[in-house]
Amino acid sequence: MATNRELVRIIREYAELLKLEEGSPQAFRVRAYDKAADALGELVEPAAEMSIAELVKLDGVGKATAEKIQEYVATGSIAKLDALREKYPPSLVELTRIPGLGPKTVLLLRDKINVNNVAELKAALAKQQLRELPGLGAKSEAKIAKAIDRLGLHGKDRRSPIINVLPIAREVVEALREVPGVKQAEYAGSLRRFSDTIGDVDVLVAASKPGPVMDAFVNLPVVARVEAHGETKTTALTAEGLQIDVRVVAPGEFGAALLYFTGSKAHNIELRQLAIDQGWTLNEYELADVATGKSVAARTENAIYKALGLRFVEPELREGVGEVAAAAAGKLPRLVDVEDIRGDLHVHSTWSGDGRSSLDDMVRTASERGLEYIAMTEHAENLAINGLSREQVTEEAAELARLREAYPKLTILQGSELNIGPDGSLDYDHDFLMDFDWCVASVHSHFDLPQADQTARILTAIAHPAVNVIGHLTGRRIGKRPGIEVDVDAVFDAAAATGTALEINCHLDRLDVPADMLRRARERSDVTFVISTDSHHVNEFANLRWGVHNARRGWVQKKLVANTWPTHRFLEWARRKRDTARVG
DNA sequence: GCCGTTTTCGGCCCGACTGTTTTCAGTCG
C-alpha cells in the first residue's frame, strides 16, 4: 500500500519533470501538481484507500491527479510519469538546480550544443560555447561556472540534498520494521549524522533471518533497480538514482554495526585506536579482546562507548573533530533537544504573500503544540508582493490583540522579517521598526556580492537596535543555491557585542546557519542562537527537529539557545537591545 | 491542472531586479 509520503514524492517528481515539459517552473500545470502534492502532504488518512470522488474533494486535487494516484496505487507506476522520466533523465533534471539555468535554458543547451549533464556543461563552459546562445553571455557563463563549483556538482559522484533523501530513508526504515522477525531497523551513515548532503543511504536491520528482509526491500515501491542482491546485503537504486544499501545483522551485533556504519570514518578510526590501546579490536561485528577472542560489547552503541571509557557520543557529533577526546574527558556539550524548545520566533501566515495557513490557524497550532511564545514575523514591505505595508502591519496588530485574548497562555509577539538590502539597509524606518516586539533580518537578494560586501551588510543590520536576530545567515538552499560568502567569525563577534542572535533555520533545504559554521563558535559562550522553523504552514512547525539536529551537529549548547529560556527570561533579553539604544 | 460558476472558460499573486537585449527569461520571497 502506497503511503501518503510516497504519493507526495511521486506527484512532486511529476511536477518537477513538467517544468521541463512546460518550459516554465511557473506553468499553471506545474503549480497545480505542486499544490496537489501539498494537499496530500497535509492529509492524515491514507490517500491510497480513498476513491476518486473522495480524492477530488481535497483542495487542489482534481480528476487528473486523482486518477494518477489511483493508477499508481493499482499498478505501482504512472504511464505519463514514466514517459517524462524517459524524456528527461535525472542528469538533465539536475541541471535545472543550477541557479541561472531554468527549464528553457536547459533545453536550449541540450538542443543546440548537446549538453545533457553536468560534465558536458562544464566542457561547454570551458569552450565558451554558452555565450554564443541567445540570451546568454560571458557573465552568465561565469555565474554558472561558479555555481557548479560551489554547489559541489561533479556529475558522477554527486551527493543528494538531505531534503530529498530523508523521506526516502524513513520510508524504507518504517517498511522494514514491519517485516516479521525484524527487531530493529535504523538508517546509519551521513544521514544519521545529519549531514547536509548524502552520498548513499545505509540501512541496518537486526533480524535473525535475513531472507524476508532482503525480499521485502527489493519489493518496496521506492526501489527502481536492484544492483546487488545477496544473503545479508542488498544494493538498490531509486528512480532518482539514489543508492540504498540494506544490511541485515544478528540482533546481538546491531550496536557494533550501527556504530561502524554511522561513522564518520574519522570517528571510527579514533575509536579503533582506543580499542587497540586496551588490547581490543573494534569492527562492524563487535568490540573484542584480541588475546582471548572474547566479545567485550556489541549489542548497543552505548555499551561499546562505555567499555572504551567514553560517554555516549550523539551521532551528530561523530565527525572526528574532537568529540572523542571530549567524551573521554566527560566534556561533551549539553546539546539542545527538541523538548527544550519553548518558543518559535520566525513564523509567517497568509498575511505574508507566501504564507499558506491563516494567522488564526498558525496561532492555534502553536498553542496546541505546547509552545509558550511565538513571534509572528511576516515579510516586510521591501519584498515585492510578499511583504506587509505599514497599514497592514497596523491591521495585523489588531488581529494579534484579539488572538492574545483567545490564547492567554501563549505569549504572541508582533514581529517582522526584514530584508537586508545590499548596503545593509532595512525596511520601514527607524521609529516604525522600534515598535515591533521582535525583528528578524534576512538576506533575500543580491546573493552574489563579494565577501567583504556581504559581511558589511550583515554587520550593518546587526548594528540596528531593532534587529533581534539574523535569519538564515547564508541564504543557501542545499543542493540548489550556494550561500552568500560571509566572514562568519566577524558576524559572531558583532552578534556577541550587540546582543543579536543568529537564527538556526529549520527548513531541511536551508539548515542555515550551516553546522560547520556553527562549530566555529563552539568554544565561545557569548553568541546567542534561536532555532526557528520559519513556518509558512501549520505543518511546518514540525520541522523544528531538523533545526535541532543541525544545531546539535554544530555543537550548540542548550544554554545558548534563547528559545529554550522561560518566557520571562526570554522577553527580558529580547527587549534589552532596544531599551539600551533608547537610553543611550 | 484546478477551481468556480453569472458552468464550460478565464484566472491562477507578481513586481523588482539582473543579464541580456531592445522584448524576454530567470530569480527572489
Side-chain angles (χ1 to χ4, degrees), chain A residues 11-12 14-15 17-40 52 55-69 78 80-81 84 95-109 130-144 146-147 346 348-356 377-389 416-422 427 440-449 471-472 475-477 480-484 505 507 509-510 512 534-537:
Chain A
I11 300 297
R12 288 233 191 271
Y14 194 76
L17 293 172
L18 269 184
K19 287 181 192 171
L20 283 160
E21 184 75 2
E22 296 278 321
S24 162
Q26 303 300 329
F28 292 118
R29 217 142 58 98
V30 172
R31 279 161 53 182
Y33 278 107
D34 252 333
K35 198 159 171 248
D38 287 344
L40 289 174
I52 297 262
L55 285 169
V56 297
K57 281 192 191 137
L58 300 172
D59 192 25
V61 177
K63 191 157 161 279
T65 310
E67 285 175 355
K68 285 189 179 65
I69 290 170
I78 299 170
K80 279 192 174 175
L81 174 62
L84 287 175
L95 294 179
T96 63
R97 296 218 310 257
I98 299 167
L101 288 186
K104 286 224 171 75
T105 313
V106 165
L107 293 181
L108 184 75
L109 292 174
L130 269 65
R131 65 184 65 183
E132 306 301 331
L133 298 171
L136 295 169
K139 278 196 179 170
S140 312
E141 278 183 352
K143 195 176 163 188
I144 291 167
K146 195 174 178 193
H346 187 164
H348 298 268
S349 74
T350 45
W351 280 83
S352 300
D354 56 356
R356 306 192 310 286
T377 51
E378 313 293 358
H379 286 294
E381 63 178 1
N382 292 355
L383 200 59
I385 301 308
N386 269 342
L388 268 59
S389 66
S416 182
E417 183 182 13
L418 308 170
N419 306 289
I420 304 176
D427 311 65
V440 182
S442 313
V443 167
H444 290 131
S445 65
H446 301 87
F447 295 96
D448 288 330
L449 301 177
H472 46 69
R476 71 171 179 170
R477 308 299 288 269
K480 289 189 205 139
R481 177 176 75 202
I484 62 170
N505 190 290
H507 271 282
D509 68 342
R510 288 193 183 271
D512 192 8
D534 192 1
S535 290
H536 288 67
H537 184 273

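Letters go in sequence order (proteins before strands), and every chain restarts at 1.
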Under a 3.5 Å limit for both distances, which nucleotide forms a Watson-Crick or G-U wobble pair with B:dC9, could you say?
-> B:dG4

A:Thr377 and A:Glu417: side-chain donor and acceptor closer than 3.5 Å?
-> no

Nearest-Å distance once atom C1' is located in both B:dC9 and B:dC14 = 23 Å

Please check the phosphate of B:dC28 (OP1 and OP2 only) for any side-chain N or O of A:Arg481 closer than 4.0 Å.
-> yes

Would you name the heavy atoms of A:Gly60 and A:Ala36 that are closest together and state the gap between them?
-> O-CB, 3.5 Å

Spacing of the C1' atoms in B:dT22 and B:dC28 (rounded, Å) | 24 Å

Using a heavy-atom cut-off of under 4.0 Å over every strand shown, decide if A:Leu101 touches base, sugar-phosphate, or nothing.
-> sugar-phosphate

Tell me: CG of A:Asp448 to P of B:dG19, nearest whole Å?
-> 8 Å

When A:Gly23 and A:Arg29 are each assigned the nearest nucleotide of DNA chain B, the 5'-most assignment goes to A:Arg29

Atom CG of A:Asp34 and atom P of B:dG1 are separated, to the nearest Å, by 14 Å

Quickly work out the A:Leu383 CG to B:dC17 C1' distance and round it to whole Å.
-> 12 Å

Does A:Phe28 stack onto the base of B:dC2, taking stacking as ring centres under 5.5 Å apart and planes under 30° apart?
-> no

Counting heavy atoms from C-beta on, name the nucleotide in B:dT20, B:dC2, B:dG29 closest to the side chain of A:Arg477.
-> B:dG29

Here the distance between atom P of B:dC17 and atom NE2 of A:His444, to the nearest Å, is 16 Å

Checking all strands, does A:Thr105 fall into the base, sugar-phosphate, or nothing category for heavy-atom contacts under 4.0 angstrom?
-> sugar-phosphate

Have a look at A:Tyr33 and say if it touches a base, only the backbone sugar-phosphate, or nothing, with a 4.0 Å heavy-atom cut-off.
-> sugar-phosphate

Taking atom C1' in both B:dT18 and B:dC12, what distance in whole Å separates the two?
-> 26 Å

Give a yes/no on whether any side-chain N or O of A:Arg31 is located under 4.0 angstrom from OP1 or OP2 of B:dC3.
-> no

Using a heavy-atom cut-off of under 4.0 Å over every strand shown, decide if A:Ile11 touches base, sugar-phosphate, or nothing.
-> nothing

Using a 4.0 Å heavy-atom cut-off across all strands, classify A:Val30 as base, sugar-phosphate, or nothing.
-> nothing

Sugar-phosphate, base or nothing in reach of A:Ala66, heavy atoms under 4.0 Å = nothing

What interatomic distance, in whole Å, is found between P of B:dG1 and the corresponding atom of B:dT5?
-> 22 Å

Contact class for A:Ser445 vs. all strands (heavy atom < 4.0 Å): base, sugar-phosphate, or nothing?
-> nothing

Pairwise C1' distance for B:dG26 and B:dT20, with rounding to whole Å | 11 Å

Remember a base hit wins even if backbone is also touched, and classify A:Ser442 as base, sugar-phosphate or nothing at under 4.0 Å, heavy atoms.
-> nothing

Decide whether A:His379 and A:Asp354 meet the rule of one side-chain donor and one side-chain acceptor closer than 3.5 Å.
-> yes

Any side-chain donor-acceptor pair under 3.5 Å between A:Asp534 and A:His507?
-> no

Between A:Lys104 (NZ) and B:dT27 (C1'), how many Å, whole number?
-> 14 Å

Base, sugar-phosphate alone, or nothing: which one does A:Asp59 contact when heavy atoms must sit under 4.0 Å apart?
-> sugar-phosphate

Distance between P atoms of B:dG29 and B:dT23 (Å, rounded) | 30 Å

Between A:Ile144 (CD1) and B:dA25 (C1'), how many Å, whole number?
-> 12 Å

Send over the distance from A:Tyr14 OH to B:dG1 C1', rounded to a whole Å.
-> 10 Å

Taking B:dT18, B:dG29, B:dG1 as options, the one with an atom nearest any side-chain atom of A:His446 is B:dT18

A:His348 and A:His346 side chains, donor-acceptor separation under 3.5 Å = yes

Syn or anti for B:dT7, please, going by whether the chi angle lies within 90° of 0.
-> syn

Looking only at heavy atoms, the pair that brings A:Leu55 and A:Ile69 closest together is CD1-CG2, 4.1 Å

Describe the nucleic acid contact of A:Lys143 in one word from base, sugar-phosphate, nothing, applying a heavy-atom distance below 4.0 Å.
-> nothing

Kindly say whether, by distance alone, the side chain of A:Asn386 makes a donor-acceptor pair under 3.5 Å with the base of B:dG29?
-> yes

B:dC13 and B:dT27, which share atom name C1', separated by this distance in whole Å | 16 Å

5′-ward residue of the pair A:Thr96/A:Lys57 relative to DNA chain B = A:Lys57

Is there a donor in the side chain of A:Asp427 and an acceptor in the side chain of A:Asn419, or the other way round, less than 3.5 Å apart?
-> yes

Which atom of A:Glu378 lies closest to which atom of A:Ser349, heavy atoms considered | OE2-OG, 2.7 Å

For A:Arg510, which contact category applies under a 4.0 Å heavy-atom criterion: base, sugar-phosphate, or nothing?
-> sugar-phosphate

Should B:dT8 be called syn or anti, with syn set as within 90° of 0?
-> syn

B:dC2 C1' sits how many Å from A:Glu67 CD, rounded?
-> 14 Å

